[in-house]
Asker: 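Provided herewith is a single structure, encoded as structure tokens, for subsequent inquiry.
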2 protein chains.
Amino acid sequence: MTTATAKPANGAHKAAIRQENEVQILAAAERVFADFGFKGATTARIAEVANVPKANVHYYFATKEALYRRVIENVCSQWLEAAMTFENTTDPATILRGYIEAKMDLSRSTPYGSRVWAHEIVRGAKFSSDYISTTVKNWLDGRVRIIRRWIAEGKMDNVEPYSLMYMIFATTQHYADFASQIEIFNDNQPLSDAQFAEAKENVVRIILRGVGLY
Amino acid sequence: MTTATAKPANGAHKAAIRQENEVQILAAAERVFADFGFKGATTARIAEVANVPKANVHYYFATKEALYRRVIENVCSQWLEAAMTFENTTDPATILRGYIEAKMDLSRSTPYGSRVWAHEIVRGAKFSSDYISTTVKNWLDGRVRIIRRWIAEGKMDNVEPYSLMYMIFATTQHYADFASQIEIFNDNQPLSDAQFAEAKENVVRIILRGVGLY
DNA sequence: TTGTAACCTGACCAAACGGTCAAGATAAAT
DNA sequence: ATTTATCTTGACCGTTTGGTCAGGTTACAA
């Protein structure tokens, strides 16, 4: 505040306030929705975590549902970015390894978003079915086509691509969504960086070997 | 009612009423908790699905939490039973295949329980951590020891058993927990019996091959 | 300096919720 | 037949919740 704050520059301050508050509230919402689900999360708790009065949450996001939808979309677009590795033109093993590793890293670095998604889908995808049946489905079908080509070219085993992709989704997200269970099994200690790195390598190896790419 | 109802036989009628109502309420609770999570589920909705007045739900189960705990325990004990295949004395491939298939079949036949469990763990295992850190952990460590023995005997690849078990948990339960997402990807149709059978075989094959057992 | 649009917030409200209770109905033991 | 224990249920209650609103403050263009 006292140092180096540049001059306003044409309404920039107001815009910055809006930006900062929205980011703060979205981050808080992600945490709270992850911990309590849509119904269980309260706007009061979100406001508390975001360090703003509850009325302010409703000033920036009209309803709890609108806020929830924004969180969901943020998570999913993050995942789609992680799949950019499929655009590379190297061999299947490198591409699949890159995707699995990127997905594992996301489970490690931002587990809350994954958990919000998990709650949402387990509940029946009430708010996100439109998004899944358009954007996500298009994306998935594209990857499935790529895998089918690999199979046709004899580069990997003939496995149903959907089964493979579901296995990658399930296994990588498990490390975020079921972290509390894993922690209990690990003598009540969160996985250390070393343990997580080992788990990541294990997941990559089992899957790659499982489809004849290792 | 009008046919073949045997005579009371020493207070059997009352006991039967209790039994039937508890089963009915537990089944309804499993569905409603799966669809809405702990907080989102309402005792009124559970009563409605169970076809009893709300006050009757509280007569048989003191609190919503007590009812929830019962549902959780039922689910988990079902899963532990599915793991009996580990007690067999045949080869690792047969044992693992049997376990994966049993777990997939449970996801198909009783998806609601799996979803309640998913909600519970994603939320942080608030109510079930005691159960997991005792019963479930003991069970898991036993299977891990068996797998380590197989590895030591050179019967399979040297993979970290916990990573393998987590992959089996994640993948098999994905077909119950994320069924709504899978359905959307499958052109808004639930997986047919044939599709599910194929998925099951794919999961078994990828995992068995992944650990050098196929 | 002044006007105004955007931001902020304590106080408030109707609806929904988990749980209670008193009074009645039913089954079973004596 | 009478008593007693269990089962049943509509009505009710205190609390929590998402959302509203009036009245204030702050930024900034003119």
Side-chain angles (χ1 to χ4, degrees), chain A residues 1 5-26 28-29 31-33 35-72 116 119 123 126-127, chain B residues 1 5-26 28-29 32-33 35-71 116 119 123 126-127:
Chain A
M1 285 298 187
T5 309
K7 43 191 158 181
N10 223 340
H13 191 192
K14 275 280 168 71
I17 287 177
R18 171 152 223 123
Q19 164 92 13
E20 189 184 318
N21 278 332
E22 285 188 354
V23 167
Q24 197 109 7
I25 293 169
L26 280 169
R31 281 203 58 148
V32 177
F33 281 131
D35 285 345
F36 301 97
F38 175 71
K39 259 276 191 173
T42 67
T43 55
R45 177 89 183 121
I46 291 171
E48 190 187 326
V49 173
N51 246 304
V52 298
K54 193 182 73 159
N56 217 351
V57 171
H58 282 96
Y59 175 73
Y60 284 102
F61 300 90
T63 63
K64 182 179 165 184
E65 183 181 324
L67 178 53
Y68 182 75
R69 286 180 185 275
R70 278 286 300 275
V71 171
I72 290 273
V116 178
H119 271 302
R123 241 184 11 144
K126 290 178 180 67
F127 291 146
Chain B
M1 285 294 188
T5 307
K7 44 190 155 180
N10 224 341
H13 191 193
K14 275 280 163 76
I17 287 176
R18 171 151 225 126
Q19 164 92 11
E20 187 183 320
N21 278 330
E22 285 189 355
V23 167
Q24 196 111 3
I25 293 168
L26 279 169
V32 177
F33 282 131
D35 285 346
F36 300 97
F38 176 71
K39 258 277 195 173
T42 68
T43 54
R45 178 88 182 119
I46 292 170
E48 191 187 329
V49 172
N51 247 304
V52 298
K54 194 182 70 158
N56 218 348
V57 171
H58 282 96
Y59 175 74
Y60 284 102
F61 300 90
T63 64
K64 183 180 165 183
E65 184 181 325
L67 179 53
Y68 182 75
R69 286 181 185 276
R70 277 287 300 273
V71 171
V116 177
H119 271 300
R123 236 182 16 142
K126 288 177 181 66
F127 290 146

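Residue numbers begin at 1 in each chain, while the letters A, B, ... track the order of the sequences.
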Asker: Can you tell me the distance, in whole Å, between the CD atom of E20(B) and the C1' atom of dC7(D)?
Answerer: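 Those two atoms, CD and C1', are 13 Å apart.
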Asker: Under a 3.5 Å distance rule, please check whether R70(A) uses its side chain to pair with a backbone N or O of L26(A) as donor and acceptor.
Answerer: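 Checking the backbone N and O of L26(A) against the side chain of R70(A), no donor-acceptor pair under 3.5 Å is found.
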Asker: Respond yes when some side-chain nitrogen or oxygen of Y59(A) is under 4.0 Å from OP1 or OP2 of dC7(C), and no when none is.
Answerer: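 Answer yes for this pair, as a side-chain N or O of Y59(A) is under 4.0 Å from OP1 or OP2.
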Asker: Provide, to the nearest angstrom, the distance between the CD atom belonging to Q24(B) and the P atom belonging to dC7(D).
Answerer: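 In whole Å, dC7(D) P lies 16 Å from Q24(B) CD.
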Asker: So does Q19(A) have more than 12 non-hydrogen atoms from other groups sitting under 6.0 Å from CD?
Answerer: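 Counting neighbours around CD of Q19(A), 12 or fewer heavy atoms of other residues, nucleotides or ligands fall under 6.0 Å, so no.
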Asker: Please compare A55(A) and A62(B) by the position of their nearest nucleotide in DNA chain C and report the one closer to 5'.
Answerer: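 Comparing both residues, the 5'-ward one is A55(A).
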Asker: For K54(A) and dT9(C), what is the distance between atoms NZ and C1' respectively, to the nearest whole Å?
Answerer: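 Roughly 12 Å, once rounded to whole Å.
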Asker: Of all heavy-atom pairs between A47(A) and P53(A), which one has the smallest distance, and what is that distance?
Answerer: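 Heavy atoms only, the tightest pair is CB-C, 4.0 Å.
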Asker: How close do R123(A) and D35(B) get, heavy atom to heavy atom, and via which atoms?
Answerer: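 Closest heavy-atom pair between R123(A) and D35(B): CG-O, 2.9 Å.
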Asker: Roughly how many Å is it from NE2 in H58(A) to C1' in dG19(D), rounded to a whole number?
Answerer: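 Rounded to the whole Å, the gap is 5 Å.
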Asker: Can a side chain N or O of N56(B) be found less than 4.0 Å away from OP1 or OP2 on dG10(D)?
Answerer: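 False: N56(B) side-chain N/O out of range (4.0 Å or more) of dG10(D) OP1/OP2.
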Asker: Hey, does the side chain of R18(B) come within less than 4.0 Å of dC7(D)'s phosphate (OP1/OP2), counting only N and O?
Answerer: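 The answer is yes; a side-chain N or O of R18(B) sits under 4.0 Å from OP1 or OP2.
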Asker: What's the CZ-P distance between F61(B) and dG18(C), to the nearest Å?
Answerer: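 In whole Å, dG18(C) P and F61(B) CZ are 16 Å from each other.
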Asker: Find the distance I17(B):CD1 to dT9(D):P and express it as a whole number of Å.
Answerer: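 Going from CD1 in I17(B) over to P in dT9(D) covers 11 Å.
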Asker: Identify the two heavy atoms, one from I25(B) and one from A50(B), that lie closest to each other, and give their separation to 0.1 Å.
Answerer: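 So the minimum-distance heavy-atom pair works out to CA-CB, 4.0 Å.
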Asker: I need the CD1-P distance between I25(A) and dG18(D), as an integer number of Å.
Answerer: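 One finds 15 Å between P of dG18(D) and CD1 of I25(A), rounded.
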Asker: Just say parallel, tilted or perpendicular for the rings of F38(B) and F33(B), cut-offs at 30° and 60°.
Answerer: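 Answer is parallel, since the angle falls under 30°.
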Asker: Expressed in angstrom and rounded to an integer, what is the separation of E65(A) atom CD from dG18(D) atom P?
Answerer: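 Value for this atom pair: 13 Å.
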Asker: Which part of the nucleic acid, if any, lies within reach of Y60(A) when heavy atoms closer than 4.0 Å are counted: base, sugar-phosphate only, or nothing?
Answerer: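 Answer is sugar-phosphate: Y60(A) comes under 4.0 Å of backbone atoms only.
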Asker: Any N or O donor-acceptor pair linking the side chain of K64(A) to the base of dG19(D) at under 3.5 Å?
Answerer: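 No, the side chain and the base share no sub-3.5 Å donor-acceptor pair.
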Asker: Go through the steps for H119(A) and F36(A) under the test side chain to side chain contact (heavy atoms under 4.5 Å, CB included), then give the verdict.
Answerer: CA-CA 9 Å; H119(A) 271 302; F36(A) 301 97; over 6 Å; no
Asker: Within residues 37-53 of chain A, find the residues that approach DNA chain C with a heavy atom at under 4.0 Å, and present them sorted by residue number.
Answerer: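 Within this stretch, K39(A), P53(A) sit under 4.0 Å of the strand.
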